[in-house]
Trainee: 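Dropping a structure here in structure tokens format, bear with me for questions.
Ligands are counted one by one from 1 in listed order, and the atoms in each one are counted from 1 as well. Computed from a predicted model, the values in this text were never measured in an experiment.
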Amino acid sequence: MPELPEVEYTARQLRASVVGATIREAQVFWDRTIGHPALPDFLAEIAGLQIEGIRRRGKFLLVDLSGDQLLSVHRRMTGNFLLLPPGWQLDTSLRELDPSAWATKGPTYHYAPAAGMTLTHEMKYCRVSFVLEDGRCLLFTDPRKFGRVELWSRSQEQLALRGLGPEPLEDDFTRDYFAAVLSGRRSVIKQVLLDQMVVAGIGNIYADEALYYAHIHPSRRADSLSAAEVELLHAGVISVLASGIEHGGTSFNDYRDLWGEAGDNYNHVHVYQQEGKPCPRCGTVIERMVIAQRSAHFCPQCQQAPTLPGETVAAEASEASEALT
Ligand SMILES: [Zn+2]
């Protein structure tokens, strides 16, 4: 799943490529990808708008459009952007030939660079295409179909973002704020880090990496962390996210950048999906456990399991807090 660094990296690539371009029309190949407004309104309102800017907030990619409109994109599990140069032709013939295959795969695109020569590219799982006036197409691809594209008026931005917490790489994510929030949480720290209202943009990869950085076991109770541990974890969150951006994001199965290239951060993770391998710090074998239905990866030596009663979470308490977050 793309997290803050992957979305930030895409936002930077888009900013350098499509700001100033005008959207001629949007073509939607999977209706439910459009979360707001109703599809006919979405299609009517977006046509002719100019892309004025690209931002990121948490895991949301935000496109500022002319007419005070805002496109918000949440990639969820497998959503990606791909920018197609001019000259590629849309082929929707599968829609009539094999409707069930169409529902899964979406359209193909053809390209004829010279007479008698045609390249066919199965533009995998394209759900929405933004056709630009200059002939390029910005494709939103999403095999699992959980991603959402929404159009809001800019004054409705808070609604579009659904109560996101502070940006971890900006000034309002202070140690005092983080300490105050954690001291009020009885659930496990791994789960609290994933709560987008506590801090925006962290998912499974960077939560595991930040906890490893801070020598904190993922199943510790959030309110049991010492002041020194909170300080280390705060620094860890910032450090692992900044490093993820620097390496172009982490690629596992689906994440690709705007040009279809995989990010490089996989070579820089320490514990995420590294179970069975030696800890880079101490050589102990990295382990994996399931916490709140998500896998957590950690070094059992560097990140000591909770032992004191106040450090662990009773099963019922954990479930209750999950329902709340
Ligand atoms: Zn270790």
Trainee: Counting only heavy atoms not in Arg175, do more than 12 sit closer than 6.0 Å to its CZ atom?
Mentor: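 Atom CZ in Arg175 is not packed in, count stays at 12 or less.
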Trainee: Can you tell whether the side chains of Glu167 and Arg55 come within less than 4.0 Å, N to carboxylate O?
Mentor: no
Trainee: Crowded around Arg281 CZ? As in, over 12 foreign heavy atoms under 6.0 Å?
Mentor: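 Enclosed: over 12 neighbouring heavy atoms sit under 6.0 Å from CZ of Arg281.
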Trainee: Hey, is the main chain of Ala21 close enough, under 3.5 Å, to the side chain of Gln50 for a donor-acceptor pair?
Mentor: no
Trainee: Sum up the protein N, O or S atoms located under 2.8 Å from the Zn ion (ligand 1).
Mentor: 4
Trainee: Do we get Arg95 above Phe29's six-membered ring, with its NZ or CZ under 6.0 Å from the centre and within 45° of the axis?
Mentor: no
Trainee: Would you call the rings of Phe178 and His234 parallel, tilted or perpendicular, taking 30° and 60° as the class edges?
Mentor: tilted
